[in-house]
Amino acid sequence: MKKKIMLIFGTRPEAIKMCPLICELKARDEAQTVVCVTGQHRQMLYRVLDAFSVVPDYDLSIMTESQTLFDITSRTLDGIGSLLDEVKPDTVLVHGDTTTAFAASLACFYKRIPVGHVEAGLRTYNIYSPFPEEFNRRAIAIIARYCFAPTERARLNLLSEGYKPEGIFVTGNTVIDALRTTVREGYSHPELEWVGDSRLITVTVHRRENLGMPMRNIFRALRKAVSEASDVKAIYPIHMNPLVRRIANEELCGCDRIKMIEPLDVFDFHNFLARSYLILTDSGGIQEEASFLRKPVLVARETTERPEGVEQGTLRLVGTDEANIYRSLKLLLEDERAYRAMQRAGSPYGDGFASKRIADILLKH
Ligand code: UD1
Ligand code: UDP
């Protein structure tokens, strides 16, 4: 009998990290794979699904403009209960720390369906940072039967919280699986022609806890540093959240060496990262991707759940203070030794075979 494995996710980063696993499971005869998207992200989600040629079996279409956490949670719970009754999966896989992942896990708990948590065990141990993700991932861990930890550190976090070792598996992060298929030699793009021989800073900023003054500080520091370095250009593929767009437009418009563009397809974005001199971001996944590509990353957040990259040297946590971010940018742009010190070899986040390991474990149990 085939094992029915249902994957539930809803946002761009979950899709990027779940698609390699979907492809792996679909190639296994012993698995029947069912894909349900909540549609927490609408356009950004489908751009990833299209890139990986994944067609979901179900779409709850929950997204609304400037949605609240209440909207996402209640609309996901509303949609998923009856779907679980219809599909009757043997196991449900969720990813990471979004509200889709939390609400889907809660629905499975109510229905007593085993949950596998992909990218389990990341922690800051500050429940408000990142918000609400730290709560989401801890709540999912309570429910999950299988915890697929990307790193040894994540496994130790789970053990220290009392989770049973036999339910925890270190697999690497599936985002590295995706990266192995996207980055190409000789890649070109019209926006990169605009960059020319300049050093490229790729920027992404979107976190809920950074909305408001922290976000303004990040943009002001960037603007100041770029305006003082004539051989530097920045590209910011801007998240579709209207609240982010408003602040970015207010702070960054009119600077001719900073270009705000629509979100890039994942294939393009990975190649932009590979072409970058450095990255300024508050994203989670980009910390892993950039480490793998050996690109220095300034992480504009107060905390990170990915300390491996900080210890290894590729990531530097710079917070959201304008002066500190500006100083960190200047240092990397002006001090070649400081820059080289951040380009350390190897990725702490995986080798590109995480999906294979997860599929093996699921189908063996
Ligand atoms: C969500 C996740 C966050 C993750 C991020 C990745 C939660 C609470 N937050 O945050 O963990 O890091 O995704 O990007 O789960 N929008 C569109 N089209 C899209 C996507 C978003 O228009 O394709 C707009 C909508 O107006 C939406 C808003 O962006 O209401 C915010 O989206 P939401 O998913 O609530 O928050 P994110 O900041 O994207
Ligand atoms: N990404 C993308 N296009 C873009 C910007 C980012 O495909 O224009 C990808 C990026 O490669 C990474 C993921 O989106 O895998 C990160 O998503 P985001 O920063 O929105 O979420 P987080 O990782 O912080 O949850």
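Position 1 is the first residue of the sequence; numbering continues from there. The structure displayed is predicted, hence computed values, not measured ones. We count ligands from 1, going down the list as the structure has it; atoms in each ligand are counted the same way.
In terms of protein heavy-atom proximity, atom 23 (O) of ligand 2 is nearest to Gly285 N, 2.8 Å. Residue, atom and distance of the protein heavy atom nearest to atom 25 (O) of ligand 2 are Pro13 CG, 3.4 Å. Among protein heavy atoms, the minimum distance from atom 8 (O) of ligand 2 is reached at Leu264 N, 2.8 Å. The closest protein non-hydrogen atom to atom 22 (P) of ligand 2 is Gly284 N, 3.6 Å. For atom 19 (O) of ligand 2, the closest non-hydrogen atom of the protein is Ser283 OG, 2.8 Å. Scanning the protein for heavy atoms near atom 9 (C) of ligand 2, the closest one is Ile16 CD1, 3.4 Å. Of the protein's non-hydrogen atoms, the one nearest atom 20 (O) of ligand 2 is Arg12 NH2, 2.9 Å.
At a 4.0 Å heavy-atom cut-off, ligand 2 does not touch Arg47 at all. Using a 4.0 Å cut-off between heavy atoms, Met44 makes no contact with ligand 2 at all.
When the options Glu133, Glu289, Lys17 are ranked by their closest heavy atom to atom 10 (C) of ligand 2, first place goes to Glu289.
Using a 3.5 Å distance cut-off with no hydrogens or angles, the side chains of Thr100 and Gln40 do pair a donor with an acceptor. Judged purely by distance below 3.5 Å, without hydrogens or angles, the side chains of Glu302 and Tyr128 never pair a donor atom with an acceptor atom. Inspection of the Thr124 and Thr303 side chains reveals no N or O donor paired with an N or O acceptor under 3.5 Å. Donor-acceptor pairing under 3.5 Å is recorded for the side chains of Tyr326 and Glu228. Side chains of Thr98 and Glu133: no donor on one and acceptor on the other come within 3.5 Å. Between Asn136 and Thr99, the side chains place a donor N or O and an acceptor N or O closer than 3.5 Å (distance only, hydrogens not considered). Looking only at atom types and distance, the side chain of Ser355 has a donor-acceptor partner in the side chain of Asp177 under 3.5 Å away.
Taking every non-hydrogen atom of Val266 and a distance limit under 4.0 Å, the qualifying atoms of ligand 2 come out as 7 (O). Interface of Pro237 with ligand 2, defined as ligand atoms under 4.0 Å from a residue heavy atom, comprises 8 (O).
Using a distance-only test at 3.5 Å, with no hydrogens or angles considered, a donor-acceptor pair links the side chain of Asn249 to the main chain of Arg245.
At least one cation-pi condition fails for Arg155 and Phe148: the charged atom is not both under 6.0 angstrom from the six-membered ring centre and inside a 45 degree cone around its axis.
Between Thr204 and ligand 2, no pair of N/O atoms sits closer than 3.5 Å. An N or O contact shorter than 3.5 Å links Arg207 to ligand 2 by distance. For His270, a nitrogen or oxygen atom sits less than 3.5 Å from a nitrogen or oxygen atom of ligand 2, counting backbone and side chain alike.
Aromatic ring orientation, Tyr339 versus Tyr277: parallel (interplanar angle below 30°, classes split at 30° and 60°).
Contact residues for ligand 1 (protein heavy atom closer than 4.0 angstrom to any ligand atom): Thr11, Pro13, Gln40, His41, Arg42, Gln43, Met44, Met63, Thr64, Glu65, Ser66, Gln67, Leu69, Ile72, Thr98, Thr99, Pro132, Glu133, His206, Arg207, Arg208, His239, Met240, Asn241, Pro242.
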Verdict with supporting geometry, Arg357 and Asp351, salt bridge (charged side-chain N to carboxylate O under 4.0 Å, His left out): CA-CA 11 Å; Arg357 290 188 190 100; Asp351 58 1; 2.6 Å; yes
Working for salt bridge (charged side-chain N to carboxylate O under 4.0 Å, His left out), residues Arg137 and Glu134: CA-CA 6 Å; Arg137 56 193 171 219; Glu134 176 74 4; 2.7 Å; yes
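Residues Arg47 and Asp265 are paired through a salt bridge, judged by an N-O separation under 4.0 Å between the basic side chain and the carboxylate.
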